[in-house]
Q: 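One structure, pasted below without further comment.
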Amino acid sequence: MVVSRLSLAFSETLHTTKHVAHVCLFITVVLLFEVGAGGLWGDTPASPSYPPLVTLLFQLLRLLPLLALPQAVFNFLGLICFNAFPERAKLKGSPLLAPYLCLRVVTRGDYPDLVRHNVNRNLNTCLRVGLEKFLIEVVTDKKIDLPENQRVRQVVVPSSYRPKSGALFKARALQYCLEEDVNDLSDNDWIVHLDEETLVTDAAIRGILNFVIEGKHQFGQGLITYANENIQNWFTTLADSFRVSDDMGKLRFQFKVFHKPLFGWKGSYVVTQTGAERRVTFDHGPDGSVAEDNYFGMVALREGYTFDFIEGEMWEKSPFTIYDFLQQRKRWLQGILLVVHSPQIPVSTKWLLAVSLYSWITMPLALASIILSTIFPVPVPGALNVIAAFVGGVNFYMYIFGVIKSFRVDRVGWLRMGMCMAGALITMPFNFLVENVAVVRGLVGNKHKFYIVNKLTGAPDKVVSVV
């Protein structure tokens, strides 16, 4: 008993120490950016005189970092206010008393071997944790040869199915599952939405059980990491370390403090109460079908539903090629553009998502303004330098923290951890370049396309378009 208590106390101290060290490093990085940018030293010194219109243009470009400030603040507070290295979640109740869970995997059926493999792994994980009342449901456009199991159900979406509003792609498949003659879940059951490559972990299942047993919120989401097991592409995996930090920062802060998807949310590791999902629906027409996750989240927010952050991570893979990485970002941008410009979602609901989107769209101009400011300095208020340095410092550190959270020293060792950090920082300029190309390509052309990244090495690209 004494040994157990000492072990528990040591574990708590270790996790707290890690968090304190991370906070100190985070603040140090931000302060270094402030000092380096002159943000702590008042207004910009006198600069050469330019024609009035040129001066105005340069000053307007220097205002662009303001668009990134809201999400930088949320990421900063999320990574500091909540323990970034929490202890393993403990079950708050017996799995026998938990509501029924349906782990729903949506696929076009192009990668049957991957689906079979991951269904088997996820099934074993659920059983290992002691989950009793659950089902794994595979929703597919093409029938897959799945092994016979009472805990596995396959739903094939008929090619003739057309939702009332004309929803497409993944939204169409998700809506089919909610139809009266297809759905066999009660309103009090819960759905865990997964992509075909998503692997659940013991910690994620415990976190989901705690979330549904508590039952305070209708929707929840947790952390996804991308550097587990075999890494197919180091560039895209290191670039996705930023997304890991985004989950632990902005996503966690908006859900734990406001219980709202103010900046949107992801389409995987989504936990929903069936009754609430059926009332919100995925049937929101073509505009709600490219970034169906964000459209669904905005509608749920508009209707007054609440969200929470779920402890425990799930595993996914980063895109296998840089081209897939670019196409993935392009689709996200185009989908969120459709969400933000939808007249069905009020401005009061989507304004922070819109600010975040336009921060992304103006990224090429923001980077250009930084370069131009060193060549053609213009007078700007000192507060603007402070804000720009803060945004830069937060985004820079998010790559560092994402690597720390993804690879973990106890798994890879200090040497490899240092190499991964260096790699993430080295890939930053190239990542910005790819993101900027995605912005330019995303703003032109057909926005009602759904690009599906390759899930197997050497597999062909998949692009689904409106016909």
Q: For a salt bridge (Lys or Arg N to Asp or Glu O under 4.0 Å) check, start with the C-alpha distance between Glu197 and Arg121, then their side-chain angles and the critical distance, and finish with the verdict.
A: CA-CA 11 Å; Glu197 78 272 20; Arg121 286 192 60 173; over 6 Å; no

Q: Check step by step if side-chain contact (heavy atoms from CB on, under 4.5 Å) holds for Val270 and Asp293.
A: CA-CA 9 Å; Val270 171; Asp293 45 4; 5.8 Å; no

Q: If only atom types and distance count, is the side chain of Glu277 paired as donor or acceptor with the main-chain N or O of Trp190 below 3.5 Å?
A: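 Checked: no pair found.
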
Q: Would you mind telling me which of Thr236, Asn233, Asp240 makes a side chain to side chain donor-acceptor pair (under 3.5 Å) with Ser318?
A: Asp240

Q: Would you tell me whether Asp189 and Ser186 have side-chain atoms, one donor and one acceptor, within less than 3.5 Å of each other?
A: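 Side-chain D/A pair, Asp189 to Ser186: present.
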
Q: About how many Å separate CD1 of Ile144 and CG of Leu114, when rounded to the nearest 0.5 Å?
A: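 Separation between the atoms: 9.0 Å.
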
Q: Taking atom types as modelled and ignoring hydrogens, do the side chains of Gln273 and Tyr305 form a donor-acceptor contact shorter than 3.5 angstrom?
A: no

Q: I want to know whether Tyr397 and His22 have ring centres closer than 6.0 Å.
A: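 Ring centres of His22 and Tyr397 closer than 6.0 Å.
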
Q: Under the 3.5 angstrom rule, does the side chain of Asn118 hit a backbone N or O of Glu196 as a donor-acceptor pair?
A: yes

Q: Determine whether a donor-acceptor pair (N or O, by modelled atom type, separation under 3.5 Å) exists between the side chain of Arg172 and the backbone of Tyr161.
A: yes

Q: For Asp246 versus Met398, what's the shortest heavy-atom pair and its separation?
A: N-CE, 3.6 Å

Q: Is the NE2 atom of His117 crowded by more than 12 outside heavy atoms at less than 6.0 Å?
A: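 Atom NE2 in His117 is not crowded, with 12 or fewer foreign heavy atoms closer than 6.0 Å.
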
Q: Backbone N or O of Ser245 within a donor-acceptor pair of the Lys405 side chain at under 3.5 Å?
A: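 Flag not set: sc Lys405 to bb Ser245 has no pair under 3.5 Å.
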
Q: Going from OG on Ser348 to CG on Leu301, what distance comes out if it is rounded to the nearest 0.5 angstrom?
A: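 One finds 8.0 Å between OG of Ser348 and CG of Leu301.
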
Q: Are Arg329 and Phe325 in a cation-pi setup, meaning NZ or CZ lies under 6.0 angstrom from the ring centre and within 45 degrees of the ring axis?
A: yes

